[in-house]
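Reviewing the structure listed below.
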Amino acid sequence: MASFNDNEAGTDDENRPLLSEQVEANKKDENSEDMNNEDIELTGCGATAACNPHRTLHRFLVLILICFLSFGSYFCYDNPSALQNQIKDAMEVDTSKFMLLYSLYSWPNVLLCFFGGFLLDRVFGIRLGTVIFSIFIVLGQCIFALGASLNSYNIMLAGRFVFGLGGENLAVAQNTYAVVWFKEKELNMVFGLQLSFSRVGSTLNMNIMKPIYDLTNDAFPSYQRLGIALWVGAGFTIFSLLCGVYLGYLDGRAAKILKREAGSTGEKIQLRDIKDFPLTLWLMFFICVAYYVAVFPFIGLGIIFFEDKFGFSPAEANAVNSLVYFISAGASPLFGFLVDRFGRNVYWLILGVILTLASHGLLAFTFLNPFVSMSLMGCAYSILACALWPIVAFIMPEYQLGTAYGFMQSIQNLGLAVVSQVAGLIADKYGYLMLEVFFMACLCVALICGVLLYLVDASRGGFLNLSTRQREKLKKEGEIQVQKPLSTPVKGGAGPSGAYIRPQSPFHLRNRYLSRLGAKLPDTYNVNTKALARHGVLQ
């Protein structure tokens, strides 16, 4: 667990808590926790390495449960993409109606992404909240499969809406568990594993759902065969639910043994902070929306595109369509390390957009093997994700990060909900070539905003695009200034008069959020684990 001593508090202001009064409180809490831990003696099975929360093996078992917690959600999210032809044929729907399966997942998250942390912290608690959101995912997938079995597309749409109620918030709960159990150097590795494991689920879905459908009896109607395949997906969500229940039990047991409180997301959403968002942050919002709407809807529609243009078999089309997820599973930690090693986040961001634009151009105007284009897109997607989300932490002070990330996630889901429908309409009326041109236009908007971000930042000193060496030099020289606080005092804050929160430096914020991407941090840096990365950061 991170700790602060008197020398560090006096000489290294970067590692201080937000309020000076919290230093002594943290010391007392940590010392008390250490004393409590020493006084506890476990016997019997509880004393074995597999059952003792103090032991590495037990924490490794918890890590496995954390990774499997969202596995079912990621596996089922792209069930429609993996079975696109089968759904359209069995339900007799066109592409625009098919894309409603993705839009209805995103619509509830336009608002829920603001309140997921609040629900987990104040209403349900992390353990019960995890189970509740997992149940929403199970119910959503079961309704989705039931709709297929009953040959009712409206029921299938209702299932996707219910599924969306749990997906994003379960990711917040997963991150909370990771922080509670892995507060030290393992946290970097854990967040990298979560990202990789989620992409494994997506890749597995793309490659086995069609074969499962083919294994069903040809004598059954197509909608019943579709239902059977989707019920297999429901089985994965039930497995993840059981992992969540058992994880909650282990966490509660460990809380009693270690005498610690239940984890919390640490997110504070203040909608009034939106008026303080600078131009650079709004440019980040536009880049986020314009980029992601050119990736996820394309994957949702990609299988038919690869079959029609390149003459691929369904198995080959599924394989190439899953390359973005497959490559990002391994490439994201690598590019996260490179971005952390060299800095220059804005350059990396622009590079990611350009490479994705080139990938769509190759798919639209050439017959080059799409394995090359999709591999390029997978690398570009990883580069942009590693560079984009940490920039928000460079721009905003810590006490406004919850609002900034919540608003960014909300706009992203709104864009995905709308563009998914637009993409379906374009594919129906004008074909996939015009759809690719539309995606390239979206990426051009992202590229223009990226260049504007560079120019605006350069006019203000170029802080967002500093190299890591420059940031380290400024830190040592004490030249990095903290952000100015809001004029609004914190309700219930320390001190009798309602003290103002003192924001921490951009260097501190950068390290805290880059750590969520699996980047290696300096050995002397202590990660403050109260603020969590959102699902979008792990995307």
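- In this view, Lys97 satisfies the side chain to side chain donor-acceptor pair (under 3.5 Å) rule with no residue, not counting sequence neighbours.
- Every residue two or more places apart in sequence or in another chain that forms a side-chain contact (heavy atoms from CB on, under 4.5 Å) with Ile304 is listed here: Gln84, Asn85, Lys88, Asp308, Tyr432.
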Only distances under 3.5 Å count here; give the side-chain donor-acceptor pairs of residues 355-365 to other protein atoms, sequence neighbours excluded, each with its distance to 0.1 Å.
from: Thr356; atom 1: OG1; to: Tyr291; atom 2: OH; distance (Å): 2.7
from: Thr356; atom 1: OG1; to: Gly352; atom 2: O; distance (Å): 2.8
from: Ser359; atom 1: OG; to: Ser373; atom 2: O; distance (Å): 2.7
from: His360; atom 1: ND1; to: Glu436; atom 2: OE1; distance (Å): 2.6
from: His360; atom 1: NE2; to: Ala294; atom 2: O; distance (Å): 2.8

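- Applying the side-chain contact (heavy atoms from CB on, under 4.5 Å) criterion to Val62, with sequence neighbours excluded, gives His58, Ile66, Trp181, Leu247, Leu250.
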What pairs of donor and acceptor atoms, side-chain ones from residues 141-150 against any protein atom, are under 3.5 angstrom apart with sequence neighbours left out?
from: Gln141; atom 1: NE2; to: Asn79; atom 2: OD1; distance (Å): 3.0
from: Gln141; atom 1: NE2; to: Leu230; atom 2: O; distance (Å): 3.2
from: Ser149; atom 1: OG; to: Ala145; atom 2: O; distance (Å): 3.1
from: Ser149; atom 1: OG; to: Trp231; atom 2: NE1; distance (Å): 3.2

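- Partners of Ser81 according to the side chain to side chain donor-acceptor pair (under 3.5 Å) rule, which considers only residues two or more places apart in sequence or in another chain, are Asn321.
- With sequence neighbours left out, Asp428 forms a salt bridge (Lys or Arg N to Asp or Glu O under 4.0 Å) with no residue at all.
- Looking at residues two or more places apart in sequence or on another chain, you find a side-chain contact (heavy atoms from CB on, under 4.5 Å) between Val293 and Val289, Leu416, Val419, Cys442.
- By the side-chain contact (heavy atoms from CB on, under 4.5 Å) test, Ala290 is found to be paired with Val445, Ala446, residues two or more places apart in sequence or in another chain being considered.
- Here Asp78 pairs with Tyr102, Tyr325 under the side chain to side chain donor-acceptor pair (under 3.5 Å) rule; sequence neighbours left out.
- For Tyr430, there are no ring pair (Phe, Tyr, Trp, His ring centres under 6.0 Å) partners, not counting sequence neighbours.
- In this structure, the side chain to side chain donor-acceptor pair (under 3.5 Å) partners of Arg225, at least two apart in sequence or on a different chain, are Thr216, Asp218.
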